[in-house]
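Written out below as structure tokens is the structure these notes cover.
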There are 2 protein chains.
Amino acid sequence: MKIESLEDIRKDLIVEKRVHIFNAGPAALPISVLKEVQEHFLNFRGSGMSITEISHRSTLFEEVINDAIDRTRRLLKLSNDYHVLFIQGGASLQFCMIPMNLALPGRPLTYINTGVWSTKAIREAQIQGKDVRVIPTSEDRDFSSLPTDFTADRQASYLHLTSNNTIRGTQWQHFPDGKGIPLISDMSSDFMSRPVDVKPFGLIYAGAQKNLGPSGIAMVIIREDMLKRVPGSLPTMLKYTTYRDNKSLFNTPPTFAIYIIALVLEWLEETIGGLKEMEKINKEKASLIYEVIDKSEIYQGIAEAKSRSIMNVTFRLPDKELEQGFLAEARKNGFEGLRGHRSVGGCRASLYNAVTIDSVKRLVAFMREFEEKS
Amino acid sequence: MKIESLEDIRKDLIVEKRVHIFNAGPAALPISVLKEVQEHFLNFRGSGMSITEISHRSTLFEEVINDAIDRTRRLLKLSNDYHVLFIQGGASLQFCMIPMNLALPGRPLTYINTGVWSTKAIREAQIQGKDVRVIPTSEDRDFSSLPTDFTADRQASYLHLTSNNTIRGTQWQHFPDGKGIPLISDMSSDFMSRPVDVKPFGLIYAGAQKNLGPSGIAMVIIREDMLKRVPGSLPTMLKYTTYRDNKSLFNTPPTFAIYIIALVLEWLEETIGGLKEMEKINKEKASLIYEVIDKSEIYQGIAEAKSRSIMNVTFRLPDKELEQGFLAEARKNGFEGLRGHRSVGGCRASLYNAVTIDSVKRLVAFMREFEEKS
């Protein structure tokens, strides 16, 4: 469909009754996935039960969780020494589980601080009284860029980094060299958005509510050798080995969330065609908006150009009033979730996997039209 | 509809395409709730977004979580000194959070052991090296009854009990006297099934997947004075105070699960008419099956009569072959989830709130017909 005017956008929205979702998380899900969930919600695969009612120990559910794991393995090309785990508590519980499980005695924990989420991860390691060494970055410039130069500590237990910073809108394009020590990454906000060479990573974790599914679950990819570090004395639910030994079914997992994750990964693998294809689409979406920003008199990018994220595009307008006007007008035109994080302000378009090129083109048309009018 | 024969049951199932769900958890949900979720799944309250896509910080979601909390308060008649919290990790994470947060220095933790779930709760306190004192019960008789006589330790930090034992099918009808020390109860499998006087309880917790909603969340009711015990040094996600201070929104909660909980509580309050009414229905359902068992030559109750649960009715058939035949035949006739827990074997009909009297009457008719034929 060719977009002629804002009128067209409005008409189309009325037909679909759906808005264009640029939420930072929980975020847009593929419409085909939502429709499939809806269609079968009272009767999952002919069982006569809702997916929310079936036992997590049933063959039916086993197929679902295995499907989610197998697709993750294929998409990320995981070798057998990586485990795919599902853990409740989101990335925030991982902030605490990582130092608890993976600190080696007498060897410091190193963290690269690139924003709010890294800061939270660091805080949880400090609370536990660990020897935490923070590699500072652009804190003095409000974390608007990522470090290009630093040396990893070969004595460290691990080097932790946040692959994409949702709030500021920065993203690692090339991961730093860990000099042999395992990298650990919070990939919550760009997981499965692009191919990743997992080999340098001892652990990758991601809250599901950006690119994977609904909130209330995190996916953890962990390498077998890391599991040897887990102290036997930890509470059962806080040990990675519990999840490995019980295939994430030590207790009842969030079955509905895992079901949606399986469907989203199916869509990613079969409709999109994998991570390379996904990256191509995501790059295109981001560049469409950055192009508007770079040519604009009113939209100013927040992140430094070299550190820009393809997942979260952040920008400001020259004054509060114009910004409020922009956000209000956008909402009226069916663009949801463009308000920046409360700690930064401004605007943010989150372009997770399920956000369509079509939605982005409409947003871009709207941004141009708004600038012309203003 | 009058039930004439198994033929009638089959016909009806074909029409509805749904089965009669006696699952132990995840378990049946009210059909009206499932239909409402389905109808609005692509467009929640006119937002143009799915409930799974909306921000947990939006007004829309705030209404949902407040509704769930307010209904809980009304249903349980909670005074202002109780907080209603939502925490990920199910009852299993509570097993570890309770001793971590609520142990008082120099004062033992007391636990009444009435089965598998109590044993797990005890284990997690022991792992933390606490002074745990276990009040034994009928372990020698496979936990088939609950204690009637013991004295609470007035020096203890708390007295922990499991209000209903899903596996064995026993349930406290009157809670023990804590002699002034706070009771803590795992009510996962009978929460909201009957009125409870909360005053003796310092903390009540329940995994949602029995009577409240889908799996992946626990509801925690905690009294203000208990929160004074929480050590400041705990990891943020493992402190009850974090959930109180942030209204369960420190990190992204399982929004979909909370939405379903709100709908289930609405159904409980407005369609059923509250906990007294719910208890009446639940007692009727249970007595229908116990009546068959007590008059039967082939069905033998597992729990001792005085300790019987109205939520999980457990029974055996005289030999393995007949039992397998019963389970297979039941399944063929549209009765799902009747196999007993793997640790006990036998059969179990879980009669959680959403299981209808109609489903139970059909099961009872089937049980009678099976006995006549065998």
Side-chain angles (χ1 to χ4, degrees), chain A residues 13 16-19 21 23-29 31 34-35 37-38 41-43 47-50 52-56 88-93 95-96 100 120 123-124 127-128 207 209 213-217 233-238 250-257 260 334 336-337 342, chain B residues 13 16-19 21 23-29 31 34-35 37-38 41-43 47-50 52-57 88-93 95-96 100 120 123-124 127-128 207 209 213-217 233-238 250-257 260 334 336-337:
Chain A
L13 280 174
E16 292 249 347
K17 288 186 189 148
R18 294 260 305 165
V19 296
I21 304 173
N23 283 341
L29 286 167
I31 186 77
L34 292 174
K35 282 183 176 164
V37 174
Q38 183 179 45
F41 195 65
L42 295 191
N43 192 345
S47 66
M49 299 180 272
S50 171
T52 56
E53 298 175 307
I54 67 168
S55 169
H56 59 297
Q88 298 184 52
S92 295
L93 189 65
F95 297 161
C96 117
M100 211 177 256
K120 289 194 183 213
R123 175 91 190 100
E124 293 307 313
I127 283 176
Q128 293 172 34
Q209 69 275 14
S215 56
I217 192 163
S233 58
L234 292 179
T236 310
M237 287 289 287
L238 300 175
F250 170 75
N251 73 330
T252 318
T255 49
F256 180 77
I260 298 209
E336 192 64 37
R342 56 217 146 100
Chain B
L13 281 173
E16 292 248 347
K17 286 185 190 149
R18 294 262 303 167
V19 295
I21 304 172
N23 282 340
L29 287 167
I31 187 75
L34 292 174
K35 283 183 173 164
V37 175
Q38 182 179 46
F41 196 65
L42 293 191
N43 192 344
S47 65
M49 300 180 272
S50 170
T52 57
E53 299 175 307
I54 68 168
S55 168
H56 58 297
R57 311 240 175 249
Q88 297 184 53
S92 294
L93 190 64
F95 297 161
C96 116
M100 209 177 254
K120 289 194 181 210
R123 176 91 190 102
E124 293 306 314
I127 283 175
Q128 292 173 37
Q209 70 274 15
S215 57
I217 192 164
S233 58
L234 292 180
T236 311
M237 287 291 284
L238 300 176
F250 171 75
N251 73 330
T252 319
T255 49
F256 180 77
I260 298 209
E336 192 65 38

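Basis for what follows: all heavy atoms, side chains included, without hydrogens, waters or symmetry-related copies. Since the structure is predicted, the reported quantities are computational estimates derived from the model, not experimental observations. Just so we're on the same page: letters track the sequence lines, and every chain starts at 1.
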Which region of A:Gln209, side chain (C-beta onward) or backbone (N, CA, C, O), has a non-hydrogen atom less than 4.5 Å from a non-hydrogen atom of chain B, or is it both or neither? side chain
Pick out which of B:Thr52, B:Thr255, B:Asn251 makes a side chain to side chain donor-acceptor pair (under 3.5 Å) with A:Ser215. B:Thr255
So with a 6.0 Å cut-off around CZ of B:Arg57, is the heavy-atom count from everything else above 12? yes
Classify the angle between the aromatic ring planes of B:Phe41 and A:Phe41 as parallel (below 30°), tilted (30 to 60°) or perpendicular (above 60°). parallel
Part of A:Pro253 lying under 4.5 Å from any heavy atom of chain B: backbone
Minimal heavy-atom distance between A:Pro26 and B:His56, with the atoms involved, is CD-ND1, 3.5 Å
What are the two closest non-hydrogen atoms of A:Gly216 and B:Gln88, and how far apart are they? O-OE1, 3.1 Å
Checking A:Thr236 now: which residues fulfil side chain to side chain donor-acceptor pair (under 3.5 Å) with it, not counting sequence neighbours? B:Glu124
Which portion of A:Ala27 sits near chain B, non-hydrogen atoms under 4.5 angstrom: backbone
Looking only at heavy atoms and a cut-off of under 4.5 Å, which of B:Pro235, B:Pro214, B:Ala257 has the most pairs with chain A? B:Pro235
In terms of heavy-atom pairs under 4.5 Å with chain A, which of B:Leu238, B:Asn23, B:Leu42 leads? B:Leu42
Considering all heavy atoms of both residues, which atom of A:Asn43 and which atom of B:Lys17 are nearest to each other, and what is their separation? ND2-O, 3.0 Å
Counting heavy-atom pairs under 4.5 Å with chain B, the top scorer among A:Gly207, A:Cys96, A:Ser92 is A:Ser92
Identify the heavy atoms of A:Met49 and B:Ile21 that sit nearest to each other, and give their distance. CG-CD1, 3.4 Å
For A:Ile127 and B:Ser233, the nearest pair of non-hydrogen atoms, with its separation, is CG2-O, 3.2 Å
Under 4.5 Å heavy-atom distance to chain B, tell me which part of A:Arg342 shows up: side chain, backbone, both or neither. side chain
